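What you see is a predicted model; the values in this text were computed from it and never measured.
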Amino acid sequence: MLFTARFFCGIGCNLFVMPTKISPQYFFMNDKNPINNALRQIEQNLRYPESWQNCETHFVELKDLSSGSQWKSLNETVCAFLNTEGGYVICGIRETEKRYVISGFDTNNEDNLIKLRTDFFKNDQNILLDLSDNIFFSYHTIEDIQEKDPNKKTKTIAVIEVLPLGEDQKYVKFKETYFERILSADKEISRSRLQEHREYKAELEYAKEISTVNNATIEELDIDKINEFILTINKTGKKETPKKDIVDATNFLIRRYCLKENGDVTLLGLLLFGKDPYQQLESRAEVNCYYETNNQISRDKKYFQDDVLHLMQDTFAFVWGHIKVGRTHIGGGQSDPEFPEKLIREVINNALAHRDYHINQFITIKINPNESIEIKNPGSFKQKMLITIPQKDIRRIIPGVPETKNPKLANILKTFDKIESQGIGMATLVSVCLENAIDVPYYDLSIPDSITLVVPSGSLLDDNTARWLNAFDAYLNKKLKGSLNLQHKLVLAYLLKSERNNQQRRYTILLSPNNNHFEVLTTLKKAQLIQEITYDKADQIPVYVIDPTLTIDDFDEPIAQLLQQDLSSLSKETVDVLNILYRHNHYNEQAVKPSAITPELYFKYYGKNMNPIYYETLGRKIRKICSDLWQKKCLVKQKNGAYQLVDLSTKETEEDNHTPTLF
């Protein structure tokens with residue numbers, strides 16, 4: 001697909017042209033930018049109408065803008081994006097009957113787009129806001145393959161990029177209505193949500209980040225760091241004059257909440273621009289990093305004490321330098337790190353952006369090779385974010401609830417591109433997990449005034465979990481009336497592992513229809529493979545658990561019934577082998593080879609680190625157990641070497657009508 005992008009920032013701005021030619025296959029497989037993926041899907045549909053895919057998502061909306069109602073709808077969508085997680089609006093394309101029609105954007109309407117920044121959106125005080133830092137525009141030319149007139153094949157479309165408002169700026173309204181983005185629709189925000197957020201903003205008026213620091217003076221702020229920040233914000237279209245000295249920067253610092261009117265320096269000012277912030281802030285300006293390993297020589301630790309931006313850079317460099325990086329056959333042997341780089345940056349940056357600066361404690365980051373990264377942060381979650389149902393072993397965290405204690409710091413870090421404008425925090429963790437790039441992340445809240453995020457390495461649908469689900473294959477297919485696809489398996493794996501973590505008093509991130517898993521959750525719920533649990537807020541926030549059958553790991557009772565034997569005197573390995581055989585025989589209706597039992601029990605006994613000697617020893621033991629059970633006529637052995645349990649509860653032996661014994 002060949003298209004050209006022209007970016008414009010408003011009347012009188014210089015336009016520039018950036019031609020881009022992108023290979024469609026590479027584009028589709030490697031670029032996860034929502035707007036690029038949407039354009040890719042549109043181009044694919046134009047070429048192959050039968051391959052239609054809906055490109056409108058939580059982050060992407062199409063607008064034709066050929067009528068007045070469409071312009072009103074555009075304003076509602078932009079309002080929703082501002083109030084949620086941001087997004088893109090493609091202007092000049094519509095979808096009708098599963099077909100994309102490119103009408104193009106009339107550039108004479110450019111002024112109407114630019115007015116989105118200043119003329120439509122008001123805050124609670126009915127003041128029109130200047131949203132130039134949140135709304136950006138670009139033109140793209142796209143080839144309309146379905147257009148028969150060769151002179152009209154190349155058409156111009158406009159793309160509006162909307163960055164979300166900071167929590168201290170939300171919510172804005174359009175024509176007295178506050179909108180939010182839910183899945184691919186713009187919905188009115190409820191009055192209770194609006195009131196709750198107003199109360200939250202009232203709390204922020206007393207945020208620690210804008211409180212003054214005793215004995216700190218303006219001379220302790222670094223003019224070079226201030227000017228570096230000014231150069232950065234100027235790239236977004238705003239014009240702030242660099243400052244010649246710290247006195248010249250006074251008004252700027254006051255406007256940015258880094259300085260009070262009386263000249264007192266705020267915590268925010270020292271965090272961002274302090275020459276030596278640790279001297280005044282102590283552990284609030286510190287991150288301690290550890291690389292833990294059994295090898296004493298390989299262990300490493302570093303203590304960083306600096307402003308927040310340098311803390312982010314230094315901490316990332318330490319973590320990235322210590323995580324495992326392999327190679328993959330994809331892309332000619334490209335690197336395959338243990339954790340995605342974007343995820344590493346985001347969890348570090350969010351730890352510094354959202355920690356509780358009331359608490360004079362440092363952040364601790366610990367790398368456990370081949371296991372996890374742990375980020376221990378001073379602070380706590382508000383109770384409204386937590387769903388705790390002890391009697392059902394449910395512990396979930398609700399994503400998307402306004403929680404940042406430092407909204408002004410967060411907004412400034414967005415300017416430095418240190419916090420992603422979309423998918424911040426928990427949403428990113430869930431997304432990366434459901435992309436199978438990490439295992440299920442969880443939070444340990446057992447220590448007061450401390451939040452520990454653990455991001456396990458590996459994958460959500462690892463070999464052991466895949467084996468577990470495969471053992472229930474026939475059961476799953478009957479309930480679903482078809483085969484599970486990858487997305488079904490990933491969601492089931494997420495819920496299964498969430499429940500296992502919850503049982504260990506760990507909190508996991510709630511999976512709900514609102515965070516883009518609506519179709520999968522709906523399908524699984526209809527098939528009764530997941531269930532909604534009943535609790536006091538179930539009508540507002542559904543909590544899903546997996547079909548209880550899929551969580552059973554102890555089949556001792558039905559096995560004893562089948563074999564007419566007490567299993568208490570059997571070895572642990574024998575009971576475990578019988579359990580795996582029963583699960584496969586009963587729920588997958590298939591016999592099992594010892595070679596399929598070995599990896600599951602190895603993981604159970606030794607974890608994911610492979611020791612070939614232990615593995616082979618265990619394999620021999622399992623083969624002997626199966627052979628002994630077969631000789632005792634408790635198992636049937638098939639020609640391919642697979643085994644199946646015999647139902648002795650209704651079967652008499654051919655010799656003397658006595659049930660065979662396992663002992």
TODO: Count the heavy atoms belonging to other residues, nucleotides or ligands that lie under 6.0 Å from CZ of R255, then report whether that count exceeds 12.
DONE: yes

TODO: Starting at CD1 of I397, measure out to CZ of R506 and round the result to the nearest 0.5 Å.
DONE: 13.0 Å

TODO: Mark yes or no for whether R256, through its side chain, and I412, through its backbone, hold a donor-acceptor pair below 3.5 Å.
DONE: no

Open item on the list: Is it the case that the side chains of D124 and Y178 hold a donor-acceptor pair, with the cut-off being a distance below 3.5 Å and no angle test?
Closed with: yes

Task: Centroid-centroid distance, F81 to F59, less than 6.0 Å - done: no

- [ ] Consider only side-chain N and O atoms of T465 and D462, and report whether a donor and an acceptor are under 3.5 Å apart.
- [x] yes

Task: Distance (rounded to the nearest 0.5 Å) between L253 CG and I218 CD1 - done: 5.5 Å

Open item on the list: Apply side-chain hydrogen bond (donor to acceptor under 3.5 Å, both in side chains) to residues K173 and N126 and explain how you reach the verdict.
Closed with: CA-CA 9 Å; K173 57 186 175 181; N126 285 316; 2.6 Å; yes

TODO: State, yes or no, whether a side-chain contact exists between Y171 and I189 at a heavy-atom distance under 4.5 Å.
DONE: yes

Open item on the list: Is there a side chain to side chain contact (heavy atoms under 4.5 Å, CB included) between F252 and K243? Walk through the geometry before answering.
Closed with: CA-CA 9 Å; F252 169 79; K243 311 305 175 186; 3.8 Å; yes

- [ ] Quick one: pull up CD1 in I344 and CD1 in I323 and give me the separation to the nearest 0.5 Å.
- [x] 5.0 Å

Open item on the list: Other residues, nucleotides and ligands only: do more than 12 of their heavy atoms fall within 6.0 Å of CD on E261?
Closed with: no

- [ ] Applying side chain to side chain contact (heavy atoms under 4.5 Å, CB included), run through I509 and L511 and close with a yes or a no.
- [x] CA-CA 6 Å; I509 302 167; L511 204 60; over 6 Å; no

Open item on the list: Apply side chain to side chain contact (heavy atoms under 4.5 Å, CB included) to residues I546 and L524 and explain how you reach the verdict.
Closed with: CA-CA 9 Å; I546 201 167; L524 294 175; over 6 Å; no

- [ ] Give a yes or no on whether the backbone of I359 and the side-chain of R355 come within a donor-acceptor separation of less than 3.5 Å.
- [x] yes

Task: N406 and H354: side chain donor to acceptor below 3.5 Å - done: no

Open item on the list: Could you tell me if Y443 and R395 have a donor-acceptor pair between their side chains, going purely by distance under 3.5 Å?
Closed with: no

Open item on the list: Using the side chain to side chain donor-acceptor pair (under 3.5 Å) criterion, which residues pair with K489? Sequence neighbours excluded.
Closed with: none

- [ ] Flag yes if more than 12 heavy atoms outside K392 fall under 6.0 Å of its NZ atom; otherwise flag no.
- [x] yes

Task: Backbone of P456 reached by a side-chain donor or acceptor of S372 within 3.5 Å - done: no

Task: Within 6.0 Å of NZ in K301, more than 12 heavy atoms from elsewhere - done: no

Task: Closest non-hydrogen atom pair between I394 and N502, with its separation - done: CA-OD1, 4.0 Å

Task: Side-chain heavy atoms of N368 within contact of I373, under 4.5 Å - done: no

Open item on the list: The test is side-chain hydrogen bond (donor to acceptor under 3.5 Å, both in side chains); show your working for N360 and E282 and say whether it passes.
Closed with: CA-CA 7 Å; N360 188 13; E282 299 177 330; 2.7 Å; yes

TODO: Quick one: do D186 and T77 satisfy side-chain hydrogen bond (donor to acceptor under 3.5 Å, both in side chains)? Show the steps, please.
DONE: CA-CA 6 Å; D186 306 322; T77 296; 2.5 Å; yes

Open item on the list: Looking at E61 and R181, is any side-chain nitrogen of the basic one under 4.0 Å from a carboxylate oxygen of the acidic one?
Closed with: yes

Open item on the list: Quick check against the 3.5 Å criterion: does T57 have a side-chain atom that pairs as donor or acceptor with the backbone of V60?
Closed with: yes

TODO: May I ask you to check whether E338 and S457 show a side-chain donor-acceptor distance below 3.5 Å?
DONE: yes

Open item on the list: Angle between ring planes, Y290 versus Y303, binned at 30° and 60°: parallel, tilted or perpendicular?
Closed with: perpendicular

- [ ] Mark yes or no for whether D306, through its side chain, and D276, through its backbone, hold a donor-acceptor pair below 3.5 Å.
- [x] no

Task: N215 CG: over 12 foreign heavy atoms closer than 6.0 Å - done: no

Task: Donor on one side chain, acceptor on other, D130 and T118, under 3.5 Å - done: no

Open item on the list: Under a 3.5 Å distance rule, please check whether K225 uses its side chain to pair with a backbone N or O of G274 as donor and acceptor.
Closed with: yes

Task: N/O donor-acceptor pair under 3.5 Å between K608 side chain and G458 backbone - done: no

TODO: Let me see the working for I438 and L460 under side chain to side chain contact (heavy atoms under 4.5 Å, CB included), right down to the final yes or no.
DONE: CA-CA 6 Å; I438 58 171; L460 172 60; over 6 Å; no

Task: Closest contact, heavy atoms only, T315 versus C289 - done: CG2-SG, 3.8 Å

Open item on the list: Is a donor from one side chain sitting under 3.5 angstrom from an acceptor on the other, for T388 and Y507?
Closed with: yes

TODO: Could you tell me whether the side chains of E180 and N83 share a donor-acceptor contact shorter than 3.5 Å?
DONE: no

TODO: Taking atom CZ of F316 as the centre, report whether more than 12 heavy atoms of other residues, nucleotides or ligands fall under 6.0 Å from it.
DONE: yes

TODO: Would you give the length of the straight line joining atom OH of Y291 to atom CD1 of I365, rounded to the nearest 0.5 angstrom?
DONE: 15.5 Å

Open item on the list: Tell me whether D264 contacts the main-chain N or O of K260 through its side chain, where contact means a donor paired with an acceptor under 3.5 Å.
Closed with: no

TODO: Taking atom types as modelled, find out whether E240 and N234 have a side-chain donor-acceptor pair closer than 3.5 angstrom.
DONE: no

- [ ] Step through the shown structure and confirm whether more than 12 heavy atoms of other residues, nucleotides or ligands are within 6.0 Å of CZ on R299.
- [x] yes

Task: Residue K376 excluded, over 12 heavy atoms near NZ under 6.0 Å - done: no

